[in-house]
Amino acid sequence: MGTRFLPATKSIPKEIMTLVDRPLIQYAIDEARAAGIKEFIFVTSKGKSALEDYFDHSPELENTLRKAGKDELLEILKETNMDSGAIAYLRQNRPLGLGLAVWCARRLIGNEPFAVLLPDDVIAAEKPCLQQMMEAYEQTGGNMVAAMEVSPEKASSYGILDIGQDMGSIVETKGMVEKPKAADAPSNLAVIGRYILQPKVLTNLNKLKQGAGGEIQLTDAIAEETKSGKVYGYRFRGQRYDCGSKSGFLQASVAFGLARPDLRDEFSAYLHDMMALQKAAQ
Ligand code: G1P
């Protein structure tokens, strides 16, 4: 429900909140496309119709830009267009967790492997995170989750992996716990919001009861697979920003602003001056 970003999220879905000049959801879509994904399912809820408009064509705006010869902007707009039939929107009518959201898509996914991306987790990487995972998955098969080391006191904010054989970037997983207390965390390797999953996980979700926080947890359905199938953690190369928190969102805004050639010089000079002023004030 995006309550952490109220009042902004009273009328804007949090996925439409903007890093520099792109909504969070665009970063997720770009990453999925880079990994070769061509069909998308959005699990949304009440008040998120702005998402549907965002990915639609905008003939009036496009015409105006064309007439004005603003070809660069037209190109940028193209990235927001989805082919008809390649995109579906589903409504989750009760906010009962990530597992339920994924379960809502079960009929559309059908009997094939699928990826899940949580747009709150924005990952800056030379090679997009999901693409790194896809390459590793081609070797391993099974189920794969993005993973990152976190400090023990942060374990209770994440799904945490129980590690089996550690092969470096790929880690075999014996179990997974959603948001454990620091003392109960089986490791410090946390799940980040990128998953490549087998359809069996959807069947597991059918049977699930409410887990941590009273929600249906995707983590529990994947953990079930550690018993009979394979689950891997993948230590991705890149910087993850938790854009579900205000501080993470601000950090991402600064990082993405500094990474933009058209903004870098002016913005870094400004930050530099700000820091100098802060120091002087101390
Ligand atoms: C979700 C998952 C959790 C994962 C996290 C990554 O939690 O349930 O396992 O570690 O995303 O961002 P949420 O942050 O949505 O509560």
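Ligands are counted one by one from 1 in listed order, and the atoms in each one are counted from 1 as well.
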Short list, please: which atoms of ligand 1 are under 4.0 Å from a heavy atom of [X]?
| X | result |
| --- | --- |
| Lys179 | 7 (O), 13 (P), 16 (O) |
| Arg240 | 12 (O) |
| Thr219 | 9 (O) |
| Asp121 | 6 (C), 12 (O) |

Checking [X] side chain against [Y] main chain: does a donor-acceptor pair fall under 3.5 Å?
| X | Y | result |
| --- | --- | --- |
| Asn143 | Val231 | no |
| Arg4 | Lys246 | no |
| Asp242 | Asp121 | no |

Any N/O pair [X]/ligand 1 closer than 3.5 Å:
| X | answer |
| --- | --- |
| Gly159 | yes |
| Ser157 | no |
| Tyr158 | no |
| Val191 | yes |

Quiz prompt | Spacing of OG1 belonging to Thr18 relative to CD1 belonging to Ile16, to within rounding of 0.5 Å | solution =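 Answer for the OG1-CD1 pair, Thr18 versus Ile16, is 7.5 Å.
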Quiz prompt | CE on Met148 to CZ on Arg194, rounded to 0.5 Å | solution =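 The distance works out to 12.0 Å.
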Practice problem: Could you tell me whether Leu118 approaches ligand 1 through its side chain, its backbone, both or neither, with non-hydrogen atoms closer than 4.0 Å? | Solution: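 Just the side chain.
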Quiz item: How far is atom 9 (O) of ligand 1 from its nearest protein heavy atom, and which residue and atom is that?
Solution: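 Sorting protein heavy atoms by distance from atom 9 (O) of ligand 1 puts Glu178 OE1, 2.7 Å first.
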Quiz item: When the ring planes of Phe55 and Phe42 are compared, do they come out parallel, tilted or perpendicular, using 30° and 60° as the limits?
Solution: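 Rings of Phe55 and Phe42: tilted, as their planes differ by 30° to 60°.
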Quiz item: Quick one: does atom 11 (O) of ligand 1 have a protein heavy atom under 4.0 Å from it?
Solution: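 Yes, because at least one protein heavy atom sits under 4.0 Å from atom 11 (O) of ligand 1.
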Exercise. Consider only side-chain heavy atoms of I, L, V, M, F, W and Y, link residues closer than 4.5 Å, and tell whether Ile216 and Leu202 are in one cluster.
Key: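 Yes, same cluster.
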Quiz item: Salt-bridged, Lys207 to Glu224, with N to O below 4.0 Å?
Solution: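 Looking at Lys207 and Glu224, the cut-off is not met.
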